[in-house]
Amino acid sequence: MLCIAAGIGLALSFSSQNPAIIGLFAILFVAAYVIENKETSVSYALPKGIASNITPPTITIDGKNCYFFPDCILMEENKRFGAMRYETVRIAVRDQRMIMDTAPSDATIVGQTWNYVNKNGGPDRRFKDNRQLPICLFEEIGIVSEGGFKGLLQLSKHGIGGAFSSSVSELGKVTKELNDAEPLLINNKT
């Protein structure tokens, strides 16, 4: 089971020194804790009222249903639609440690901490129900478009964010080439 959370938060440490990546996460992050963290999943669906010969993958990010069509990302929020061309989307991926009540089945556990922690890192003995919590290695995918969309996906399955980023980047290159191409004129002389 892949656990994906969509939300906005502040990066406490950056694994990359690339200014563009740091800038992207600085745009996305606005607080020292996760403001809103909702579980989401990948499914295949068409928006109501849309007919197509394909059923695109769909992810809900920050309350917006994002449909990944071959030529654009169609977004739906409150029965209103917008579209992002892939070439206008920037994506950054980084590792993030997350303290969880219960680790998702596909998460990599990288450590343990206590629910109530002393300054020295040990358990606070004042609490009899102080239990250990797993620290999981998640991947964060930051998404920003020129049109103003900002979103953050936190994935419990480590190692798939790079493939997602590469796929969106390649779709951007292909759709840009198709948009820039000269129209094909067909001569219908009979």
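The residues of the chain are indexed from 1 along the displayed sequence. Here the structure is a predicted model, which is why all the values come from computation and not from measurement.
- Every residue meeting the side-chain contact (heavy atoms from CB on, under 4.5 Å) condition with Glu146, not counting sequence neighbours, appears here in chain and number order: Thr88.
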Show me the donor-acceptor pairs, under 3.5 Å and distance only, between side chains in residues 64-72 and residues at least two apart or in other chains.
residue, atom, partner, partner atom, Å
Asn65, OD1, Thr60, OG1, 2.7
Tyr67, OH, Glu76, OE1, 2.9

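- Other members of the cluster containing Tyr44 do not exist, because no ILVMFWY side chain is joined to it at under 4.5 Å.
- Shown here are the side-chain contact (heavy atoms from CB on, under 4.5 Å) partners of Ile135, two or more places apart in sequence or in another chain: Arg97, Ile99, Val110, Thr113.
- One N or O on the side chain of Glu139 and one on the backbone of Ile160 form a donor-acceptor pair closer than 3.5 Å.
- In this structure, Met84 is a member of the same hydrophobic cluster as Ile61, with clusters built from ILVMFWY side-chain heavy atoms closer than 4.5 Å.
- Gln96 CD to Leu155 CG: the interatomic distance, rounded to the nearest 0.5 Å, is 12.5 Å.
- A continuous path of ILVMFWY side-chain contacts below 4.5 Å connects Ile141 to Val168, so both sit in one hydrophobic cluster.
- In terms of modelled atom types and a separation under 3.5 Å, the side chain of Asn118 and the main chain of Asn120 share no donor-acceptor contact.
- In the hydrophobic clustering, where aliphatic and aromatic side chains (Ile, Leu, Val, Met, Phe, Trp, Tyr) are joined below 4.5 Å either directly or transitively, Trp114 groups with Val117.
- Taking CG from Asn115 and CG from Asp124, the interatomic distance works out to 10.5 Å, rounded to the nearest 0.5 Å.
- Side-chain atoms of Asn78 never come within 3.5 Å of backbone atoms of Arg80 as a donor-acceptor pair (strictly under, hydrogens ignored).
- For Asn130, there are no side-chain hydrogen bond (donor to acceptor under 3.5 Å, both in side chains) partners at least two apart in sequence or on another chain.
- The CZ atom of Phe138 sits 13.0 Å away from the CZ atom of Arg94 when rounded to the nearest 0.5 Å.
- Among residues two or more places apart in sequence or in another chain, the side-chain hydrogen bond (donor to acceptor under 3.5 Å, both in side chains) test is passed with Arg125 by none.
- Listed by chain and number, the residues in a side-chain contact (heavy atoms from CB on, under 4.5 Å) with Asp101 are Arg131, Leu133 (sequence neighbours excluded).
- A pairwise comparison of heavy atoms in Ala45 and Thr55 identifies N-CG2, 3.4 Å as the closest pair.
- Taken from CD1 in Ile73 to CZ in Arg85, the straight-line distance is 12.0 Å, to the nearest 0.5 Å.
- Met98 contributes atom CE, which lies 8.5 Å from atom SG of Cys136 (distance to the nearest 0.5 angstrom).
- Listed by first and then second residue, the side chain to side chain donor-acceptor pair (under 3.5 Å) pairs involving residues 163-175 are Glu87-Thr175, Glu170-Lys173 (not counting sequence neighbours).
- Taking each heavy atom of Gly161 and Val93 in turn, the nearest pair found is O-CG2, 3.5 Å.
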Q) Are Met75 and Phe81 close enough, and set up right, to give a side-chain contact (heavy atoms from CB on, under 4.5 Å), and what steps lead you there? A) CA-CA 6 Å; Met75 293 174 300; Phe81 289 90; over 6 Å; no

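- Cluster annotation: Ile59 and Val89 are assigned to the same hydrophobic cluster (Ile/Leu/Val/Met/Phe/Trp/Tyr, side-chain heavy-atom contacts under 4.5 Å, transitive).
- Cluster membership check: Leu74 does not share its hydrophobic cluster with Leu153, using side-chain heavy-atom separations under 4.5 Å among Ile, Leu, Val, Met, Phe, Trp and Tyr.
- Hydrophobic clustering (side-chain heavy atoms under 4.5 Å, transitive across Ile, Leu, Val, Met, Phe, Trp, Tyr) groups Ile143 together with Tyr86.
- Residues passing the ring pair (Phe, Tyr, Trp, His ring centres under 6.0 Å) test with Tyr116, sequence neighbours excluded: Phe127.
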